[in-house]
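Presented below is the structure to which this report refers.
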Amino acid sequence: MTSAAAAPTGRAYRRLSVEERRAQLLGAALTLFAHRSPDEVSLDEVATVAGVSRPLVYRYFPGGRQQLYETALRSAAEQLKLCFSEPAEGPPTERVARVLDRYLAFVDEHDAGFSALLRGGSVAETSRTTTIVDEVRRAAAEQILCHLGQDEHSEPAPRMSMMVRTWIAAVEAASLIWLDEGKRPDATELRDWLVDQFIGLLAVTSSSDPQTAAAVAALLPLETVEGPAGRLVDRLAPLTGPAAHLLPTDPSVRLAP
């Protein structure tokens, strides 16, 4: 007689905990929502990607696709918030450049899902999903204002706050256009252009707002010739000649804002 069959040598099955199973299902959903509109993703697909049954997905997300989407969106929003977290060290414009590097990498990785999220119009869009997106924008503005020397516990200068929120809206719009244009130019070039816009908005706002001007004056000594601000000044210098006729001939004369 032959001996009993040997036990399988493959990896033993391990039952997942509730949190581990939930994380597994959420990961599968994020994979699908990253590159497709929520309207196009079914629970059957989530179950297939996760390697589980459809009833199991419902057990963890009884609200169906909507609940799963909102949970996945919340998870993605937390990741996106982290993109704007940067130590307050070194030249401020270099900090902003690093923030944009992480942000654009996120956009690149979640292209279709990011586009569907910001464009709206999805049947999965609700007041809750809109609130989640707005939370990301507020968190981003708070982080950028911190890099401009604004204490998170105090009220920021109104004009500076408006300028930062305007820039964040421009970054969102540029990101969507970038996706529409097949991610051209490359992310590095887009990042540099957006940092230049940030510097330009700061300069213009400083010219008419004393609070912003004071903040910029405190930050300028931290900038370097090799950094974004130094490179922009170098590129703009040749333009000062043709614009010389716009300056008052009497240095004591200052045009009213």
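Hydrogens, waters and symmetry mates play no part in the numbers below; they use all other heavy atoms, side chains included.
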Query raised in the report: Less than 4.0 Å between a side-chain N and a carboxylate O, is that true for Glu135 and Arg74?
Result: yes
Query raised in the report: Checking Trp167 side chain against Val195 main chain: does a donor-acceptor pair fall under 3.5 Å?
Result: no
Query raised in the report: Which atoms form the tightest heavy-atom contact between Pro92 and Leu219, and what is the distance?
Result: CG-CD2, 3.8 Å
Query raised in the report: Salt-bridged, Glu189 to Arg184, with N to O below 4.0 Å?
Result: no
Name each donor-acceptor pair under 3.5 Å that joins a side chain in residues 96-105 to protein atoms two or more places apart or in another chain, with its distance.
from   : atom 1 : to     : atom 2 : distance (Å)
Arg98  : NE     : Glu86  : OE2    : 2.6
Arg98  : NH2    : Glu86  : OE2    : 3.0
Asp101 : OD1    : Arg191 : NH1    : 3.1
Asp101 : OD2    : Arg191 : NH1    : 3.2
Arg102 : NE     : Cys83  : O      : 3.0
Arg102 : NH1    : Glu86  : OE1    : 3.1
Arg102 : NH2    : Cys83  : O      : 3.1
Arg102 : NH2    : Ser85  : O      : 2.9
Arg102 : NH2    : Glu86  : OE1    : 2.9

Report summary line: CG of Leu32 to CZ of Arg65, rounded to nearest 0.5 Å, is 11.5 Å
Query raised in the report: Rounded to the nearest 0.5 Å, how far apart are CZ of Arg159 and OG1 of Thr166?
Result: 10.0 Å
Query raised in the report: Within the side chain of Ser161, is there an N or O that forms a donor-acceptor pair under 3.5 Å with the backbone of Ala157?
Result: no
Query raised in the report: Linking I/L/V/M/F/W/Y whenever their side-chain heavy atoms sit closer than 4.5 Å, directly or via other members, would Val225 and Val216 fall into one cluster?
Result: no
Query raised in the report: Where do Pro238 and Pro242 come nearest, in terms of heavy atoms and distance?
Result: O-CD, 3.2 Å
Query raised in the report: Is the backbone of Ala50 close enough, under 3.5 Å, to the side chain of Gln24 for a donor and an acceptor to pair up by distance?
Result: yes
Query raised in the report: Do you know the tightest heavy-atom contact between Val18 and Tyr60?
Result: O-CE2, 3.5 Å
Report task. Might you point out which heavy atoms bring Phe198 and Ile144 nearest each other, and give the distance in Å? Result -> CE1-CG2, 3.6 Å
Query raised in the report: Ignoring hydrogens and geometry, is there a side-chain-to-backbone donor-acceptor pair from Glu109 to Phe106 under 3.5 Å?
Result: no
Query - CG on Leu148 to CE on Met160, rounded to 0.5 Å - result: 5.5 Å
**Report entry** Basic-acidic side-chain contact under 4.0 Å: Glu20, Arg15
**Finding:** no
Query raised in the report: Does any N or O in the side chain of Trp178 come within less than 3.5 Å of the main-chain N or O of Leu190, such that one atom is a donor and the other an acceptor?
Result: no
Query raised in the report: Hey, are Lys81 and Glu78 close enough for a salt bridge, meaning a charged N less than 4.0 Å from a carboxylate O?
Result: yes
Requested in this report: Would you confirm whether Ser207, through its side chain, and Val204, through its main-chain N or O, come within 3.5 Å as a donor-acceptor pair?
Outcome: yes
Report task. Return the minimal non-hydrogen interatomic distance between Gly64 and Leu43, and the atom names on each side. Result -> CA-CD1, 3.9 Å
Query raised in the report: Taking all non-hydrogen atoms of both residues, which atom of Phe61 and which atom of Gln67 are closest, and how far apart?
Result: C-OE1, 3.2 Å
Query raised in the report: Hey, is Asp196 close enough to Arg231 for a salt bridge, meaning N to O under 4.0 Å?
Result: no
**Report entry** Pairwise distance OG1(Thr129) to CG(Asp134) - rounded to 0.5 angstrom
**Finding:** 9.5 Å
Query - Test item: side-chain donor near acceptor, Thr93 and Glu223, under 3.5 Å - result: yes
